[in-house]
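Single-structure report; data block below.
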Amino acid sequence: MAEKNQGVTYRFIENRWTKVDFTEVSSHPHDHRPPVLLVHGQPGCGTRWGSLPEVLNSKFNVFSYDRPGWGKNRTRAKNVNENAALLEDVVENLRKFLGTTPIVVAYSYGGAIAVSSLTNNPSKYASVLLIAPAISTLAINRYDRILTYPILGSVVSLVTSLFSTKYVGSSLLDIVQSTRSLRIEGINLLQELSQMPSRDLSNVKVSILSGTADFVTPPESIYDGANKYSITSIEWINGGSHLLPWKNSESILSFALRTLSL
């Protein structure tokens with residue numbers, strides 16, 4: 001079953017995350033809210049989005065999942081292309097489960113995964129909202145390059161994980177897994193962003209929301225990536241940092257409602 005490869009898929013019900021059992025389609029009452037699938041960044045996992053799920057829950061049926069190497073998915077971290085294929089599996093499972101294709105909301109590194117999938121299989125998606133996406137080589141900074149160093153990269157990844165427990169969990173296993181996964185994905189991304197092919201996505205419903213004060217995926221990287229993929233819909237949060245899901249969740253909801261004309 002696909003879910004075994006993906007780890008755990010979650011549904012946000014009554015202000016908490018609940019594991020989705022895709023075999024129990026008939027036991028779930030129909031929900032008239034449009035479904036949204038959250039794709040997390042790095043470090044991160046499917047159940048640690050701050051207030052964003054609660055805010056989106058007012059208008060959307062919210063789902064999320066753990067990518068390989070994060071959260072309860074204890075398999076080894078994958079590269080962007082492998083993650084793109086897994087994202088397609090999650091979307092397909094949800095489509096069968098719900099009877100409709102979910103709206104994908106992909107954040108940071110998750111944005112690279114969503115765009116990678118879109119370039120190969122645009123018909124798989126109804127709408128994709130990219131939040132501060134890493135879709136350009138201009139998003140690669142000194143920190144990313146340090147991760148490639150054998151010893152220093154491991155130390156930096158560990159320190160990052162220790163200070164990122166709100167995104168990955170606070171248990172020793174969570175921190176160890178994050179340390180390993182962050183470095184694996186970071187090393188892969190340096191090469192993968194430059195190798196991702198250009199593709200005209202102007203006929204696909206793709207929109208970007210980013211912050212003007214984002215130093216992880218700075219404005220120049222957003223414009224460069226948007227140009228590479230012919231994405232014309234870009235909105236900015238003035239003074240917004242890279243932590244939009246945690247600091248600007250209401251703005252993300254407003255952005256989604258405007259973009260989707262809901």
Side-chain angles (χ1 to χ4, degrees), residues 36 38-44 49-52 55-56 80 83-84 103-119 122 125 127-148 156 160 163-164 167 182 185-260:
V36 156
L38 302 178
V39 185
H40 67 82
Q42 56 166 202
W49 287 90
S51 63
L52 182 61
V55 171
L56 292 177
V80 168
N83 268 301
I103 300 153
V104 170
V105 178
Y107 167 64
S108 193
Y109 183 91
I113 293 169
V115 167
S116 177
S117 179
L118 276 169
T119 59
Y125 301 92
S127 297
V128 176
L129 308 182
L130 303 174
I131 311 299
I135 54 174
S136 163
T137 54
L138 297 181
I140 296 173
N141 53 39
R142 186 177 299 174
Y143 169 84
D144 298 308
R145 299 184 191 283
I146 288 176
L147 291 177
T148 65
V156 170
T160 300
F163 282 93
S164 302
Y167 312 119
L182 181 60
E185 288 187 346
I187 291 172
N188 287 338
L189 191 62
L190 289 174
Q191 186 174 33
E192 291 169 326
L193 278 183
S194 62
Q195 292 179 344
M196 285 173 64
S198 298
R199 177 71 181 267
D200 185 349
L201 298 178
S202 58
N203 292 325
V204 185
K205 197 163 187 179
V206 185
S207 300
I208 296 174
L209 177 68
S210 195
T212 59
D214 187 337
F215 297 106
V216 178
T217 54
E220 58 267 26
S221 76
I222 300 298
Y223 283 123
D224 182 63
N227 181 63
K228 181 176 181 178
Y229 300 107
S230 302
I231 301 172
T232 57
S233 178
I234 306 175
E235 291 192 22
W236 298 95
I237 295 178
N238 189 33
S241 70
H242 192 62
L243 300 177
L244 299 186
W246 292 268
K247 296 185 176 182
N248 303 91
S249 54
E250 293 284 353
S251 296
I252 293 176
L253 173 61
S254 298
F255 165 70
L257 295 176
R258 285 194 304 274
T259 302
L260 302 169

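Values below: all heavy atoms of this structure, side chains included; hydrogens, waters and symmetry mates excluded.
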For Asp200, the side chain to side chain contact (heavy atoms under 4.5 Å, CB included) test, sequence neighbours excluded, returns Ser202, Ser230
Could you pull out the closest heavy-atom pair between Ser249 and Ser51, with the gap in Å?
OG-OG, 3.0 Å
Leu118 and Val206: side-chain contact (heavy atoms from CB on, under 4.5 Å), yes or no, with the steps?
CA-CA 9 Å; Leu118 276 169; Val206 185; 3.7 Å; yes
Scan residues 203-219 for pairs that pass salt bridge (charged side-chain N to carboxylate O under 4.0 Å, His left out), counting only residues two or more places apart or in two chains.
none
Using side chain to side chain contact (heavy atoms under 4.5 Å, CB included) as the criterion, point out the one residue from Leu209, Thr217, Ile208 that pairs with Ile131.
Leu209
Listing, residues 188-197 side-chain donor-acceptor contacts under 3.5 Å, not counting sequence neighbours, or none:
| residue | atom | partner | partner atom | Å |
| --- | --- | --- | --- | --- |
| Asn188 | ND2 | Ile184 | O | 3.3 |
| Glu192 | OE1 | Val80 | N | 3.4 |
| Glu192 | OE2 | Val80 | N | 2.9 |
| Ser194 | OG | Gln191 | O | 2.8 |

Let me confirm one number: the CD1-CD1 distance from Ile135 to Ile113, rounded to the nearest 0.5 Å.
13.5 Å
Show, in sequence, the C-alpha distance, side-chain angles and deciding distance for Ser127 and Leu260, and conclude whether the side-chain contact (heavy atoms from CB on, under 4.5 Å) test is met.
CA-CA 8 Å; Ser127 297; Leu260 302 169; 3.5 Å; yes
Provide the full list of side-chain hydrogen bond (donor to acceptor under 3.5 Å, both in side chains) pairs with a residue in residues 130-148, sequence neighbours left out, each pair given once.
Ser136-Asp224, Tyr143-Thr160
Going by side chain to side chain donor-acceptor pair (under 3.5 Å), name the residues that satisfy it together with Glu185, two or more places apart in sequence or in a different chain.
Gln42, Arg67, Trp70
N/O donor-acceptor pair under 3.5 Å between Thr259 side chain and Ala256 backbone:
no
In short, Ser221 meets Pro218 closest at the heavy-atom pair OG-O, 2.7 Å
For Thr232, what residues pass the side chain to side chain contact (heavy atoms under 4.5 Å, CB included) criterion, not counting sequence neighbours?
none
For Ala106, what residues pass the side chain to side chain contact (heavy atoms under 4.5 Å, CB included) criterion, not counting sequence neighbours?
Val39, Val104, Ala114, Leu130
Can you sort out the partners of Tyr167 under side chain to side chain contact (heavy atoms under 4.5 Å, CB included), two or more places apart, ordered by chain and number?
Ser164, Leu243, Trp246
Name all pairs fulfilling the salt bridge (charged side-chain N to carboxylate O under 4.0 Å, His left out) condition that reach into residues 130-141, sequence neighbours left out, sorted by first residue then second.
none
Kindly give the heavy-atom pair with the smallest separation between His242 and Ser108, and that separation in Å.
NE2-OG, 2.8 Å
To the nearest 0.5 angstrom, please state how far the OH atom of Tyr107 sits from the CG atom of Leu52.
10.5 Å
Measuring from Leu257:CG to Leu253:CG, what's the distance to the nearest 0.5 Å?
4.5 Å
Contacts satisfying ring-ring contact (aromatic ring centres under 6.0 Å, His included) that involve residues 197-218 (not counting sequence neighbours) are none
Can you find a heavy atom in the side chain of Ser251 that is under 4.5 Å from one in the side chain of Ser254?
no
Derivation of the side-chain contact (heavy atoms from CB on, under 4.5 Å) call for Leu56 and Trp49
CA-CA 11 Å; Leu56 292 177; Trp49 287 90; over 6 Å; no
Measure across Ala134 and Ala112 and return the closest heavy-atom pair with its distance rounded to 0.1 Å.
O-CB, 3.1 Å
Distance-only criterion, 3.5 Å: show the donor-acceptor pairs between side-chain atoms of residues 233-240 and protein atoms not counting sequence neighbours.
| residue | atom | partner | partner atom | Å |
| --- | --- | --- | --- | --- |
| Ser233 | OG | Ser207 | OG | 3.1 |
| Glu235 | OE1 | Arg258 | NH2 | 2.4 |
| Trp236 | NE1 | Tyr223 | OH | 3.2 |

What is the distance from atom CG of Leu138 to atom CD1 of Ile222, rounded to the nearest 0.5 Å?
10.0 Å
The side chain to side chain donor-acceptor pair (under 3.5 Å) partners of Ser210 (sequence neighbours excluded) come to none
